[in-house]
K.L.:
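Below are the structure tokens for one structure; questions will follow.
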Number of protein chains: 2
Amino acid sequence: MSLAASFAEPQVAERVEVGLGARAYDILIGPGLLASAGERIAALGARTVGVVTDENVARLHLATVERSLAAAGLGFSTVTVPAGEPSKSFGRLSEVVDGLLAARIERGDVVLALGGGVVGDLAGFAAAILRRGVRCVQAPTSLLAQVDSSVGGKTGINSVRGKNLIGAFHQPSLVLADVDALDTLPPRELRAGYAEVVKYGLIDDPAFFAWLEARPRAAFEPGQDRIRAIATSCRAKAAVVARDEHETGDRALLNLGHTFGHALEADVAYDGARLIHGEGVAIGMAMAFRFSVSLGLCPPEDAARVERHLEAVGLPTSPKAIPGGVGSADVLFGHMQQDKKVSRGRLTFILARGIGRSFVAKDVDPAAALAFLKRELA
Amino acid sequence: MSLAASFAEPQVAERVEVGLGARAYDILIGPGLLASAGERIAALGARTVGVVTDENVARLHLATVERSLAAAGLGFSTVTVPAGEPSKSFGRLSEVVDGLLAARIERGDVVLALGGGVVGDLAGFAAAILRRGVRCVQAPTSLLAQVDSSVGGKTGINSVRGKNLIGAFHQPSLVLADVDALDTLPPRELRAGYAEVVKYGLIDDPAFFAWLEARPRAAFEPGQDRIRAIATSCRAKAAVVARDEHETGDRALLNLGHTFGHALEADVAYDGARLIHGEGVAIGMAMAFRFSVSLGLCPPEDAARVERHLEAVGLPTSPKAIPGGVGSADVLFGHMQQDKKVSRGRLTFILARGIGRSFVAKDVDPAAALAFLKRELA
Ligand SMILES: NC(=O)c1ccc[n+]([C@@H]2O[C@H](COP(=O)([O-])OP(=O)(O)OC[C@H]3O[C@@H](n4cnc5c(N)ncnc54)[C@H](O)[C@@H]3O)[C@@H](O)[C@H]2O)c1
Ligand SMILES: NC(=O)c1ccc[n+]([C@@H]2O[C@H](COP(=O)([O-])OP(=O)(O)OC[C@H]3O[C@@H](n4cnc5c(N)ncnc54)[C@H](O)[C@@H]3O)[C@@H](O)[C@H]2O)c1
Ligand SMILES: [Zn+2]
Ligand SMILES: [Zn+2]
């Protein structure tokens, strides 16, 4: 951001409340929030903070946070895990829990998840099971984590049998989404996170999608538009979470693009060099729209608009875009069946009748899905 | 049980309800319940059951349960862990979770914990984190599990830094306490479980303690008295749990005998050849009463009565009774400080003003506690 722009357009933090009664909490979105983490956590009544982060984020942002904790008179101790999805494992979980116990984090204290979705899921889960539950503050540093994973209380790790099959619902006590952190995020990660921003438009907010379409750089540059895009995303997620905390009903809409996306991630064995989560979601959303078109549910123009906007920001929209390609349709189909959204062998998909008109389809014909996958890979 | 006794005294099942609103559930206590597990689990709407058990219990009771599940038309698959406390580890947890995933246990299905408290805690925790929570039915087969660990939703595993430091609150959907299973339980385990029965009298039910004093064989022989002793225990625990599901307040009373007991267990490095949980609790309760006497809180006669009854059934009442002895007072004190009931460095104990008059003492003088430990070990 140029100095001129910064004068012209001062950044103002937004606040989104997640309305969950006794477990309600705030999401703050704005600049400089990491530097204020200490006072905000002290205000929660914690005395000691167990910081969990990854090696990349530690290098770039840990000093700011530790300075802030120290200035607020908090005790703290940091557990750093390797960056990347493989850290969402039982082995790392036990290391993190052990580190937090060694730091003597007690029931009134706080675990601070400082990083992307991997750290958020891992640290959030560790907080959920440490002494049967201590509070967690999420400080998401990736765009994906700011607009999605840090909000809603889903925490967990992966199994060899699939992603996120092990975990807990554990709502954070506060979310600090410091937009300045996005300035150090690799562009590919920023794009990937943007897929989740687009998702909220596609689910049920066509005006937001149109707003994004008109500002394809909004999320990619500092400024108030970025804060607004993130806050709008958080507000959308918060509303769904408040309606359906434990994902028994329409929270499933948040999985738009994820049934296909998870299958693709499993197919490349979670090899981030080939595919990262948000890219899988981008491809998955494009596929969900194409599948909806092929079932006669959605106008082809809407699917084309989705593809166009994703491509405009540099996101992939086809499984064939994945370096090295993917396996057969049958293999992908098998991954989808092991997905936890399978209920009694029937396939649940999030489909769309158009942009902003997504819905849960609980009884999709497996043969139609398999035939679609074959066409996608042909 | 002789045939004559069985005619004279037919055993009638008792039912205890745990009143937790939307999470309310029944505890059934009586004979033949394992053989009816299938129909009762089918009535919960499950289709597939993931049985978790240990090697001892598998040998003695698994066939009964599997026959019953098959007869009820349920799919099932069994994960068997080695018997004993070391199975409450991250390693076993990940094996059990993986086994349940392999068995394709879905959100509507049920995990059946068939065994003592170790299996109950491990399987209950696995159910809590599998797909972020599936239902669990507890089928406790040890006396300790029937009167204590299967009721109340505390689940978890141990850390190298202490017992039960990792876990979740996850209420079962049903508890089936088959008293027939107790007939195969080693006498030492039966005695150990009895310590928890005595505990309920000591906490706040002097009439129950007197009833037990008058019938020292009640829990040790088949018959209605045993069912009554177990049901009274469950009712006491259920009442506390209903008042304080997440152990923020007076649920702590259930820890009578446990602060000392856990320290002793840690001291022998959880070596069951030397000390098992209930034995630690028996010693711990006797110590809590002696400590209360030494603080001038409790009449010495009450402490003597506690010791007498525990000794009458063959339970130990002094740390010096532990084969091989225990470490120094300082070492025991250190274990107590790492206990999760420590809050901000002050020591919380459950003390007593007399039999049935226990209370939470939140601010015990560490010097007094240390001096007491020194006397106990002298
Ligand atoms: N819990 C939920 O509801 C939920 C929702 C969506 C996704 N997720 C999970 O989130 C994970 C993906 O999250 P992610 O995309 O943030 O992955 P990530 O945590 O691996 O972060 C991506 C990469 O960016 C780096 N990074 C993060 N912040 C940075 C910064 N400010 N500067 C420089 N580098 C930075 C990380 O070190 C990592 O290398 C997946 O595991 C997914 O399952 C969870
Ligand atoms: N969750 C809670 O609220 C809670 C409360 C109290 C204790 N606990 C936990 O419970 C555990 C102790 O439970 P436990 O004493 O049942 O230990 P356990 O599960 O190890 O069982 C004791 C022994 O008896 C065997 N056994 C069990 N049932 C049998 C039967 N019917 N016939 C023959 N053998 C049988 C087991 O194989 C084992 O060898 C500890 O880990 C403790 O932390 C939990
Ligand atoms: Zn996602
Ligand atoms: Zn106990």
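Letters A, B, ... are given to chains in the order of the sequence lines, protein chains preceding strands, and every chain is numbered from 1. Keep in mind that the numbers below use all heavy atoms, side chains included, and drop hydrogens, waters and symmetry copies.
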K.L.:
With a 4.5 angstrom heavy-atom cut-off, could you sort out which part of B/Ala126 is near chain A: side chain, backbone, both or neither?
P.N.:
neither
K.L.:
When you measure from the side chain of A/Arg132 to the backbone N and O of B/Leu165, does any donor-acceptor pair fall under 3.5 Å?
P.N.:
no
K.L.:
Donor-acceptor pair, A/Arg161 side chain versus B/Arg104 backbone, under 3.5 Å?
P.N.:
no
K.L.:
Sequence neighbours excluded, which residues qualify as side chain to side chain contact (heavy atoms under 4.5 Å, CB included) partners of B/Asn158?
P.N.:
B/Glu85, B/Lys88, B/Lys163, B/Asn164
K.L.:
With a 4.5 Å heavy-atom cut-off, do B/Val160 and A/Asp98 have their side chains touching?
P.N.:
yes
K.L.:
The criterion is salt bridge (Lys or Arg N to Asp or Glu O under 4.0 Å); which residues satisfy it with A/Asp267, sequence neighbours excluded?
P.N.:
none
K.L.:
With a 4.5 angstrom heavy-atom cut-off, is it the side chain or the backbone of A/His246 that approaches chain B, or both, or neither?
P.N.:
backbone
K.L.:
Relative to chain A, which segment of B/Ser94 carries a heavy atom at a distance below 4.5 Å: side chain, backbone, both, or neither?
P.N.:
both
